[in-house]
S.K.: 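If you scroll down you'll find the structure; I have some questions about it.
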Amino acid sequence: QKEVEQNSGPLSVPEGAIASLNCTYSDRGSQSFFWYRQYSGKSPELIMFIYSNGDKEDGRFTAQLNKASQYVSLLIRDSQPSDSATYLCAVNNNYGQNFVFGPGTRLSVLP
Amino acid sequence: DTAVSQTPKYLVTQMGNDKSIKCEQNLGHDTMYWYKQDSKKFLKIMFSYNNKELIINETVPNRFSPKSPDKAHLNLHINSLELGDSAVYFCASSRGLAGLEQYFGPGTRLTVT
């Protein structure tokens, strides 16, 4: 059974702090990992993707992947109230046939 | 200018009716998807089409029938609508089969009464 798990939250952090969002997955065949952000009433938008173990940075966002532990995380530095949204983790194999989203973590950045 | 568009944005209908949702992408992508997001916000893939060919067909009732007239369009037809079909349906597209960088449409909120 392919599963992607996330803490549903809400995760509350003060403005300017680092928000850490975590995701675990059960399918060891997963090779591509994605983080999407979804504002209330809007569609998901891609923030980052990562394929290799280690860290990948893009502006205030850092994705971290550990395939041995089947764990992927997203760090948001200098969190802003505009970062308040639900963050969805998604994983798939490179054939695109097993594309699974996690339930999402709701992040609230307090001004 | 919209990359992935869906119509209608809202759809309210009665049980037993048949309805369709249309999706179009102007990104030149080869693969298109339909997702269902239920009231608990869980996003689940329903179908995936690559170059008009069905690739993924998750456990979805056969009342749901996708149709892809060309690789820029993927429509979703739903027969005999049920209360449990109420959800937001998202269309998405990506390059190739690997599901890289999926771009989502604005969603269609379906309410079955």
Side-chain angles (χ1 to χ4, degrees), chain A residues 1-11 21 23 25 27 29-52 56 58 61 63 65 72 84-108, chain B residues 2-7 9-10 21 23-25 27 29-51 53-60 74 87-111:
Chain A
Q1 180 70 25
K2 303 169 185 64
E3 287 187 348
V4 178
E5 297 185 0
Q6 298 178 253
N7 188 324
S8 62
L11 172 66
L21 304 162
C23 172
Y25 59 95
D27 183 2
S30 300
Q31 299 191 27
S32 306
F33 306 87
F34 305 85
W35 282 100
Y36 285 80
R37 177 177 62 200
Q38 186 174 25
Y39 291 111
S40 180
K42 301 295 185 182
S43 57
E45 56 178 326
L46 181 69
I47 299 175
M48 292 192 70
F49 57 88
I50 185 168
Y51 307 132
S52 304
K56 179 181 178 183
D58 184 0
F61 299 95
L65 174 62
V72 58
S84 298
T86 296
Y87 289 81
L88 304 169
C89 173
V91 305
N92 79 335
N93 63 30
N94 279 343
Y95 299 102
Q97 295 194 22
N98 297 310
F99 201 93
V100 181
F101 277 86
T105 297
R106 191 155 54 92
L107 173 66
S108 178
Chain B
T2 304
V4 182
S5 59
Q6 294 178 230
T7 54
K9 189 171 176 63
Y10 299 97
I21 307 172
C23 178
E24 176 181 0
Q25 55 94 3
L27 298 167
H29 287 166
D30 294 328
T31 307
M32 296 184 71
Y33 311 81
W34 277 111
Y35 287 88
K36 178 181 180 181
Q37 189 169 45
D38 58 26
S39 57
K40 295 183 179 179
K41 307 301 182 185
F42 191 63
L43 192 63
K44 185 169 182 180
I45 192 167
M46 300 174 69
F47 302 102
S48 168
Y49 266 75
N50 176 261
N51 282 322
E53 181 181 347
L54 180 65
I55 302 299
I56 298 174
N57 183 1
E58 293 293 320
T59 306
V60 175
L74 181 62
V88 180
Y89 291 83
F90 288 103
C91 176
S93 72
S94 69
R95 287 181 293 111
L97 278 173
L100 300 177
E101 299 181 57
Q102 292 190 24
Y103 291 86
F104 283 78
T108 296
R109 181 174 294 277
L110 171 65
T111 303

S.K.: Please determine, among A:Ala90, A:Ser8, A:Pro44, A:Gly102, the option with the most heavy-atom pairs under 4.5 Å with chain B.
M.R.: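 Between A:Ala90, A:Ser8, A:Pro44, A:Gly102, the count favours A:Pro44.
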S.K.: Taking A:Ser43 for the side chain and B:Gly107 for the main chain, is one N or O donor matched with an acceptor at less than 3.5 Å?
M.R.: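 Checking the backbone N and O of B:Gly107 against the side chain of A:Ser43, no donor-acceptor pair under 3.5 Å is found.
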S.K.: Aromatic contact between A:Phe101 and B:Phe42, with the criterion being ring centroids under 6.0 Å apart: yes or no?
M.R.: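 For A:Phe101 and B:Phe42, the ring centres are not under 6.0 Å apart.
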S.K.: Counting neighbours of CD on B:Glu53 that are heavy atoms of other residues, nucleotides or ligands and sit closer than 6.0 Å, is the number greater than 12?
M.R.: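 No, CD of B:Glu53 has 12 or fewer neighbouring heavy atoms, counting only those of other groups under 6.0 Å.
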S.K.: Can you name the nearest heavy-atom pair linking A:Gln38 to B:Phe90, along with the distance?
M.R.: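 Reported closest heavy-atom pair: NE2-CZ, 3.7 Å.
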S.K.: Is atom CZ of A:Arg37 surrounded by more than 12 heavy atoms (other residues, nucleotides or ligands) closer than 6.0 Å?
M.R.: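 Result for CZ/A:Arg37: enclosed.
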S.K.: Could you check whether any side-chain heavy atom of B:Gln102 comes within less than 4.5 Å of a side-chain heavy atom of A:Tyr36, counting everything from C-beta outward?
M.R.: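 Sidechains of A:Tyr36 and B:Gln102: in contact.
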S.K.: Non-hydrogen atoms of chain A under 4.5 Å away: do they reach the side chain of B:Tyr103, the backbone, both or neither?
M.R.: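 It is neither, since no heavy atom gets under 4.5 Å.
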S.K.: To the nearest 0.5 angstrom, please state how far the CG atom of A:Asn92 sits from the CD1 atom of B:Ile45.
M.R.: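 So the gap between those two atoms works out to 9.0 Å.
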